[in-house]
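Since the structure comes first, as structure tokens, the remarks are kept for the end.
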Amino acid sequence: PEKAAEAVPALAAFLEKGPPPELERSAAHAIGRLARERGVETLLGLLAARPGIRAEGVFDAVGDIGGPGDSKALLALLGGDWSPGAKMSLLRSSARLAARGEDASSLLGLLREPPAGVSREMVAQALGDASRDLGTGLLRDALRETAGDRRAQEAIARALVWQGGKEGLEALLDAAASPEVKLDQKVLARALNDFQGEAAVPLMLELFRSSRDEEVLEPLARSLARNAGKETMESLLGLLEPGGDAWQRRALARALEGGSSAGLDADRLIALLHGEKDQEVASSLARALSRFNPSAIEGRAAELFQNATSPVERIAFANVLEKTSAPGTAEMIGSQLRAETDSRAQWEMARILGRIGEEGVQQLADALRSQADERHRHSLLWGLEASRRPVAAEAQRLFVEMASGDPAPSIRGQAAEILGRQQDPALIPVLSGLLGEEQNREVRERIERALRELEGRR
């Protein structure tokens, strides 16, 4: 007791100095323990006696050392002039203390009528933080009380999934079927995304098939691909067949790309890619193939690219080919580029060649020189600019060549514009020289704009 009488004021003085949060909470917790049966009273008294002490650490410590009866005492302080963070700590500790007893009805009352400065979402979040101790029954009741408030609903719904296990999932599914709860589909989808296991897969699949909302489809696709068994996975992959809903197919392809396709072998992914018409779906599947099956496609990437039958496939397999870094990649893509007529494929292949480096830019230069169609040359130049390597010396030389020697004024102007965006003052004399030789008025204007942009950065 004698040491405690000395330590409590010293610790209180330490708290007034504003230590880091973890030390703040430890010091407040120590004060509460040292004060023994008067721990909660001592801690709350510090807030009145020493205004320099932050309330968050004190409220958190009360939640550590207090008993169920202290919950209401804490809630009575909600009307004080606390910061939002302090009110959140107060609510969280109140929920934890109430969970140690048998009556948490006061917290449900706050959901029905939150006091000034407190939102239903804050109360719901506090309940969610204490959900491990509160039990499924109270969370189920809380979900009813949050009807119409999507943010508050989501906090409770996710708590049911995280802490309630099978019982919590059943409570959530019951709520989803109840017209009284009015559970928002987006809330349900995000909560189910947290679930691990096959128990919720049938509901998720039903919800996925019936939705066209990207905010619902994305989390459901991730959870379905992660939790689906072999049979359900086949049902999911059936949704990727041509002719299905575009939003559903894209969400599912992104889910497979994002980490849930490790169980799919390379042949299955390749089969899905063949004949695909949607570029977003094809690109996601190609990235999944490169990410999860690199050894399975080693040696096959060139054949897949060369045998592609559509621009969509060629773009997808060009990206696979780039990822493998196989010998002759630049030459193969360059050869196809010289025959390619699809603008999107031209742009993508030019971008890949630009990323490869000097060998790739040389292939791109050959394609530009052999391409008679002006629109196609535009696609190639924009692709090179998008390669993240337009400032490389070999790329700059090609832009300068096109800006000075291309027969089409629009191409010369485009190349000059790209040079002006490269933030390289060394290009100022180059563009000045081009300006002195250029006769076309519109091209001259674009060169002048490029010069002003470069000079403004010098």
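Heads up: numbering here begins at 1 and tracks the sequence. Every heavy atom of this structure was used, including side-chain atoms; hydrogens, water molecules and symmetry mates were not.
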Check ion pair [X]-[Y] (N to O, under 4.0 angstrom):
X: E154; Y: R150; value: no
X: R369; Y: D366; value: yes
X: E442; Y: R412; value: no

Looking at residues at least two apart in the chain, or sitting in another chain, which of them share a ring-ring contact (aromatic ring centres under 6.0 Å, His included) with W82?
F59
Determine whether more than 12 heavy atoms belonging to other residues, nucleotides or ligands lie under 6.0 Å from atom CD of E445.
yes
Going by the rule salt bridge (charged side-chain N to carboxylate O under 4.0 Å, His left out), which residues pair with R375 if we only count those two or more places apart in sequence or in a different chain?
D373
Rounded distance (nearest 0.5 Å) linking atom CZ of R452 with atom CD1 of I428
13.0 Å
Between atom CD1 of I333 and atom CD of Q363, what is the distance when rounded to the nearest 0.5 Å?
9.5 Å
Mark yes or no for whether [X], through its side chain, and [Y], through its backbone, hold a donor-acceptor pair below 3.5 Å.
X: N227; Y: F195; value: yes
X: S283; Y: Q279; value: yes
X: S335; Y: E331; value: no

In a check of side chain to side chain contact (heavy atoms under 4.5 Å, CB included) between L217 and each of Q248, R250, R212, R254, which one passes?
Q248
Identify, with sequence neighbours excluded, every residue that meets side-chain hydrogen bond (donor to acceptor under 3.5 Å, both in side chains) alongside T146.
none
